[in-house]
2 protein chains.
Amino acid sequence: MPKWKGRNVLTSGAMPDPLPDAAPTTAAEGPTPPRSSARGRPGATSHAAIEQAAFRLFATHGFAGTTMEAIAREAGVGKRTIFRYYQSKNDIPWGQFDRTLDHFRALLDEQPDGLPVHAAVHQGVVEFNRFPADAEPPHRERMRLILTTPELQAHSVLRYAEWRRVIAEYVARRTQARPDDLIPQVAGHVSLAISLSAYEAWLTEPDAETPGLPEIIDRAMTGLRSYLTG
Amino acid sequence: MPKWKGRNVLTSGAMPDPLPDAAPTTAAEGPTPPRSSARGRPGATSHAAIEQAAFRLFATHGFAGTTMEAIAREAGVGKRTIFRYYQSKNDIPWGQFDRTLDHFRALLDEQPDGLPVHAAVHQGVVEFNRFPADAEPPHRERMRLILTTPELQAHSVLRYAEWRRVIAEYVARRTQARPDDLIPQVAGHVSLAISLSAYEAWLTEPDAETPGLPEIIDRAMTGLRSYLTG
DNA sequence: ACACTAATGGCACTCGATGCCAAAATGGAA
DNA sequence: TTCCATTTTGGCATCGAGTGCCATTAGTGT
């Protein structure tokens with residue numbers, strides 16, 4: 001689903017971490033995540049650094065086999081601090097996903113109004129999942145981790161919900177309905193279904209990915225249409 | 001998604017608990033769940049009793065506000081024992097869901113071969129979610145809990161996966177494909193998408209549920225078709 | 001009564017997560 | 001420079017889910 005703007009090298013380069021750290025979408029709770037201001041003590045680490053440390057450990061000990069303490073040690077900060085940057089261990093692999101939702105919204109709005117709604121949504125989803133070849137390997141690893149680790153698979157629905165919402169809102173706007181109405185909701189759910197199927201197929205393929213993610217999403221979409229029309 | 005065969009009264013009557021307790025689908029691990037055999041010490045409780053106790057507490061303290069210790073006390077058994085009946089706290093609300101999958105499989109097989117695949121699947125899903133009026137209120141409460149509690153919402157994907165698999169296998173068989181191929185997978189994902197949308201709409205409606213679940217699923221399905229054809 | 005079998009439940013322990021708070025660390029003002 | 005307001009850090013205690021271990025209990029069959 002994701003689509004991290006620029007380059008996001010996983011183990012060696014820089015992690016997503018775009019723009020100055022923003023406030024969490026799931027507002028006011030216990031500790032307030034760092035937001036590198038002018039005044040006050042500067043942050044001891046960054047999302048990027050934490051994710052790099054975490055993925056390094058995940059690669060060797062697996063997700064479940066890596067404790068938060070270990071990640072903290074690897075990142076050179078206190079465990080307590082990690083929990084200020086990420087609400088939970090499960091949130092680490094997703095990184096700054098929220099950030100990309102604005103981009104997704106923009107992509108949908110870019111679609112010409114002449115296009116039928118379903119086609120516009122489809123195009124938006126495809127574009128959202130198209131990115132430079134050099135950003136693909138790390139993205140692939142990230143998604144593989146997420147889609148093959150049960151805990152993460154489960155946790156991800158909470159992320160998907162925000163993503164679906166973007167679609168539901170777009171469809172609602174274009175069909176004069178409310179985002180909570182049945183059709184917009186179905187559109188969101190089905191778009192997610194398509195994407196997930198596509199990702200699973202994508203991850204199954206040999207690394208010499210002949211068909212890219214966009215192509216597979218296209219294929220899943222046309223597959224759905226032919227399936228539904230017998 | 002579910003469909004517990006007979007009567008399954010939530011707070012007052014009997015919980016699902018059909019058939020003699022079977023082995024867990026996710027096989028051999030730590031403690032082996034009870035399977036009331038002839039020999040040996042008899043079980044101190046049952047899935048039904050545990051679920052009743054649990055739901056009683058969930059109703060007053062909420063899901064998160066209810067500890068496993070509390071459930072154990074309410075059910076009159078040790079905490080350790082509860083964990084032998086359910087792999088996790090999150091598994092309690094779903095009850096013996098696995099059991100219903102065989103029934104689902106049977107429903108699909110019942111569909112006439114003359115019916116187009118998508119129609120057969122649709123019918124199967126609809127039938128799966130049709131049940132006696134007196135079983136509805138508790139089912140509704142159960143699903144409301146599951147679909148409105150983030151932890152449960154997330155955890156449920158693991159259950160849904162098995163359910164989707166049933167569809168993927170059916171579609172694969174009828175289209176001479178493999179269950180892991182793109183189209184069967186998409187069919188499973190999309191059927192789930194439809195069902196979830198329908199459930200959400202169903203739960204939103206006032207209790208005087210004019211349209212039942214089957215009708216809403218139908219509506220979601222036709223909605224999808226018209227959405228996809230502009 | 002005795003052996004066999006299988007579930008129970010207490011205990012200790014790991015790990016994720018949270019509240020609390022004193023101790024950094026920084027920029028700006030006196 | 002020193003003090004101050006500000007903001008993050010990280011240690012500590014605590015809670016709750018989940019697991020391994022194992023002696024105990026409660027049946028069945030002989």
Side-chain angles (χ1 to χ4, degrees), chain A residues 20-21 23-24 26 28-47 49-50 54 57-58 61-93 149-152 154-155, chain B residues 20-24 26 28-47 49-50 54 57-58 61-93 149-152 154-155 158:
Chain A
D21 291 321
T26 41
E29 287 177 22
T32 306
R35 39 151 217 36
S36 56
S37 70
R39 261 190 167 57
R41 176 174 177 167
T45 184
S46 67
H47 285 92
I50 293 175
L57 296 177
F58 293 160
H61 306 104
F63 182 77
T66 303
T67 69
M68 287 299 266
E69 289 248 342
I71 296 175
R73 236 181 300 116
E74 178 83 9
V77 294
K79 180 182 96 169
R80 198 63 186 74
T81 297
I82 302 280
F83 276 108
R84 283 207 188 82
Y85 282 75
Y86 294 92
Q87 296 205 355
S88 73
K89 183 181 175 182
N90 287 337
D91 283 311
I92 296 180
T149 307
E151 307 98 281
L152 295 177
H155 179 77
Chain B
D21 290 321
T26 39
E29 286 177 22
T32 305
R35 39 151 216 41
S36 55
S37 70
R39 266 184 162 58
R41 175 173 178 169
T45 184
S46 66
H47 286 92
I50 293 175
L57 295 178
F58 292 160
H61 307 102
F63 183 77
T66 304
T67 70
M68 287 299 266
E69 289 247 344
I71 296 175
R73 236 180 300 113
E74 177 83 10
V77 295
K79 179 182 97 168
R80 198 65 187 72
T81 297
I82 302 279
F83 276 107
R84 284 209 188 80
Y85 282 76
Y86 294 92
Q87 296 205 354
S88 75
K89 182 181 176 183
N90 288 336
D91 283 311
I92 297 180
T149 307
E151 306 98 283
L152 295 178
H155 179 77
L158 306 179

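All chains are named by letter (A, B, ...) in the order of the sequence lines, taking the proteins before the strands, and each is independently numbered beginning at 1.
Separation of atoms CD1 (B/I82) and NE2 (B/H47) is listed at 10.0 Å; rounding is to 0.5 Å. The line from CZ of B/R73 to OG1 of B/T67 is 6.0 Å long, rounded to the nearest 0.5 Å.
Close to C/dG9, at under 4.0 Å from its OP1 or OP2, lies a side-chain N or O of B/T81. For A/Y86 and C/dA17, the shortest distance from a side-chain N or O to OP1 or OP2 is not below 4.0 Å. For C/dC15, the OP1/OP2 oxygens have no side-chain nitrogen or oxygen of A/T67 closer than 4.0 Å. Taking only side-chain nitrogens and oxygens, B/Y85 comes nearer than 4.0 Å to OP1 or OP2 of C/dT8.
Where B/A44 and A/F63 meet DNA chain C, the nucleotide closest to each residue was compared, and B/A44 sits on the side nearer the 5' end. Each of B/E69 and A/G76 lies near DNA chain D, and the nucleotide nearest A/G76 is the one positioned closer to the 5' end.
Atom pair B/I82:CD1 and C/dG10:C1' shows a separation of 15 Å (rounding to whole Å applied). For the pair A/E151 CD and C/dC15 P, the computed distance is 14 Å after rounding to whole Å.
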**Per-nucleotide protein contact string for nucleotides 21-30 of chain D (B base, S sugar-phosphate only, - none; heavy atom under 4.0 Å)** = B---BBBSS-

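Residue side chain B/K79 reaches the base of D/dG18 through a donor-acceptor N/O pair under 3.5 Å, judged by distance alone.
The aromatic rings of A/F63 and A/F58 lie tilted to each other, with the angle between the two planes from 30° to 60°.
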**Asked** Step by step, would you call B/M68 with B/I92 a side-chain contact (heavy atoms from CB on, under 4.5 Å)?
**Response** CA-CA 10 Å; B/M68 287 299 266; B/I92 297 180; 4.2 Å; yes

